[in-house]
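By convention here, the first residue in the shown sequence is residue 1.
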Amino acid sequence: MDFAAGCIGGAAGVLVGHPFDTVKVRLQVQSVEKPLYRGTLHCFQSIIRQETMLGLYKGIGSPMMGLTFINAIVFGVQGNAMRMLGADTPRHQFLAGAAAGLIQCIICCPMELAKTRMQTQGTGQKNTTRRLYKNSLDCLIRIYRKEGIRGINRGMVTTVIRETPGFGIYFLTYDTLTRSLRCEPGDGYIIPKLLLAGGMSGIASWLSTYPVDVIKSRLQADGANRYDGIMDCVRQSWRREGWRAFTRGLTSTLLRAFPVNATTFATVTLFLMYMREDEGAEDCESMRPDLQPVTERLSVQ
């Protein structure tokens, strides 16, 4: 039941947040010499005008495909880690979340590679007959044929660096906020409190690791091998753009983080309350961190 709630809630979060993610990626990887977009709002307007609304949903197949596997890994690892660690403390919440973030990178990295390539394909074109990739699966297959396992795992190190502390901070923040907000059984405002806690936790998680996400996006979008590795990407980005390079797309990311997590929480909450209605289990314990899927960043960042 909890797994089903997580999958449904995660899917809802992806549908709400993917347009913001597309804008984030476009801003992160655009040329600083000849930028196509002046900012978040201009990017939104340009994509809709040049590529229609569907342009905002390019690459959505990849996160949708990986959603079930990522949620299964996150739930399993975080729940088992909490049981192994014993006491439900903030420190254990961080460690369990970090473990979940580390393990799910196996699925997250290839998924985000396909998503990034699809999102940057046909930039500024309303209709194009010369698409390199038909869909997310075709994208991964083509990359694998050309570059092998190493190719579809491009950006794995940066994904690990981002996801491990990011998930730890997410679960730690969520646990702290739900305790501070006193989510108690029978509280008439429990759902708004959970939505607030989830949204703010997503924002805290992204702020803590965002510069790493910029580098990850640039490495994964680099089909021409302009960068020799992580440090070369950092050096080139800094030399061309200065410190602002590591904040490209931050506004759209934060705008996305809150509604995505809020939508996920609302969906999971309503689903569990409905399904457990007959069991009389409509309590705050069902909304603990080990039952809350993190999509975005899931990317589900």
Looking at every non-hydrogen atom in both residues, tell me the closest pair between [X] and [Y] and how far apart they are.
| X | Y | result |
| --- | --- | --- |
| Ser217 | Val29 | O-CG1, 3.8 Å |
| Leu27 | Cys43 | CD2-CB, 4.2 Å |
| Arg162 | Pro165 | O-CD, 3.8 Å |
| Glu163 | Gly101 | CB-O, 3.5 Å |
| Ser136 | Gly61 | OG-C, 3.8 Å |
| Ser208 | Ser205 | OG-O, 2.6 Å |

By side chain to side chain contact (heavy atoms under 4.5 Å, CB included), which residues pair with [X], not counting sequence neighbours?
| X | answer |
| --- | --- |
| Met53 | Ile48, Leu56 |
| Glu147 | Ile143, Arg154 |
| Ile203 | Met200, Leu207, Leu254, Ala257, Phe258 |
| Tyr57 | His18, Pro19, Ile60 |

inquiry  = Determine whether Gln78 and Gln104 satisfy the following criterion, side-chain contact (heavy atoms from CB on, under 4.5 Å), listing intermediate values before the conclusion.
reply    = CA-CA 11 Å; Gln78 205 273 346; Gln104 61 91 44; over 6 Å; no
State the [atom1]-[atom2] distance between [X] and [Y], to the nearest 0.5 angstrom.
| X | Y | atom1 | atom2 | value |
| --- | --- | --- | --- | --- |
| Gln30 | Thr120 | CD | OG1 | 12.5 Å |
| Thr159 | Leu113 | OG1 | CG | 9.0 Å |
| Leu140 | Ile152 | CG | CD1 | 6.5 Å |
| Gln28 | Gln220 | CD | CD | 10.0 Å |
| Thr176 | Gln93 | OG1 | CD | 8.5 Å |
| Asp175 | Ser201 | CG | OG | 9.5 Å |

If hydrophobic clusters are built from ILVMFWY residues whose side chains come within less than 4.5 Å, do [X] and [Y] share one?
| X | Y | result |
| --- | --- | --- |
| Val160 | Tyr170 | no |
| Ile215 | Trp238 | yes |
| Met156 | Val212 | no |
| Leu102 | Val77 | no |

Do the side chain of [X] and the main chain of [Y] share a donor and acceptor less than 3.5 angstrom apart?
| X | Y | result |
| --- | --- | --- |
| Ser237 | Val234 | no |
| Gln121 | Leu132 | yes |
| Asp222 | Asn225 | yes |
| Glu112 | Cys109 | no |
| His92 | Ala87 | yes |
| Arg256 | Gly17 | yes |
| Asp228 | Asp232 | no |

Considering only Ile, Leu, Val, Met, Phe, Trp and Tyr, and joining two whenever side-chain heavy atoms are under 4.5 Å apart, list the other residues clustered with [X].
| X | result |
| --- | --- |
| Tyr189 | none |
| Leu85 | Phe94, Leu95, Ile169, Leu172 |
| Met84 | none |

inquiry  = Before you tell me yes or no, could you show the steps for Leu196 and Leu177 under side-chain contact (heavy atoms from CB on, under 4.5 Å), namely the whole-Å CA-CA distance, both residues' side-chain angles and the distance that decides it to 0.1 Å?
reply    = CA-CA 9 Å; Leu196 176 62; Leu177 287 176; over 6 Å; no
request  = Write out all pairs satisfying salt bridge (Lys or Arg N to Asp or Glu O under 4.0 Å) with one or both partners inside residues 188-208, taking only residues at least two apart or from two chains.
outcome  =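 Qualifying pairs: Asp187-Lys193.
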ask   = Does the side chain of Lys58 reach to within under 4.5 Å of the side chain of Tyr133, using non-hydrogen atoms?
value =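 No, every pair of side-chain atoms sits at 4.5 Å or beyond.
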message = Tell me which pairs pass side chain to side chain donor-acceptor pair (under 3.5 Å) where either residue lies in residues 241-250, with sequence neighbours left out.
response =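 Non-adjacent pairs meeting side chain to side chain donor-acceptor pair (under 3.5 Å): Arg218-Glu241, Glu241-Arg248.
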ask   = Which residues satisfy the ring pair (Phe, Tyr, Trp, His ring centres under 6.0 Å) test with Phe20, sequence neighbours excluded?
value =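 Result, ring pair (Phe, Tyr, Trp, His ring centres under 6.0 Å) vs Phe20: Phe44.
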ask   = Can you name the ring pair (Phe, Tyr, Trp, His ring centres under 6.0 Å) partners of Phe246, sequence neighbours left out?
value =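 Expected list: none.
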task = Measure up the Phe171 and Phe167 rings against each other and bin them: parallel (under 30°), tilted (30 to 60°), perpendicular (over 60°).
result =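 Tilted, since the angle between the ring planes falls between 30° and 60°.
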request  = Please name all residues satisfying salt bridge (charged side-chain N to carboxylate O under 4.0 Å, His left out) with Asp138, sequence neighbours left out, ordered by chain then number.
outcome  =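 In terms of salt bridge (charged side-chain N to carboxylate O under 4.0 Å, His left out), with neighbours along the sequence ignored, Asp138 is linked to Arg142.
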inquiry  = Other residues, nucleotides and ligands only: do more than 12 of their heavy atoms fall within 6.0 Å of CZ on Arg240?
reply    =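 For Arg240, atom CZ is crowded (more than 12 foreign heavy atoms under 6.0 Å).
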query = Could you go step by step and tell me if Tyr210 and Val214 meet the side-chain contact (heavy atoms from CB on, under 4.5 Å) rule?
reply = CA-CA 7 Å; Tyr210 192 76; Val214 174; 3.5 Å; yes
Ion pair Asp21/Lys115, N-O distance below 4.0 Å =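 The answer is yes: the pair qualifies as a salt bridge.
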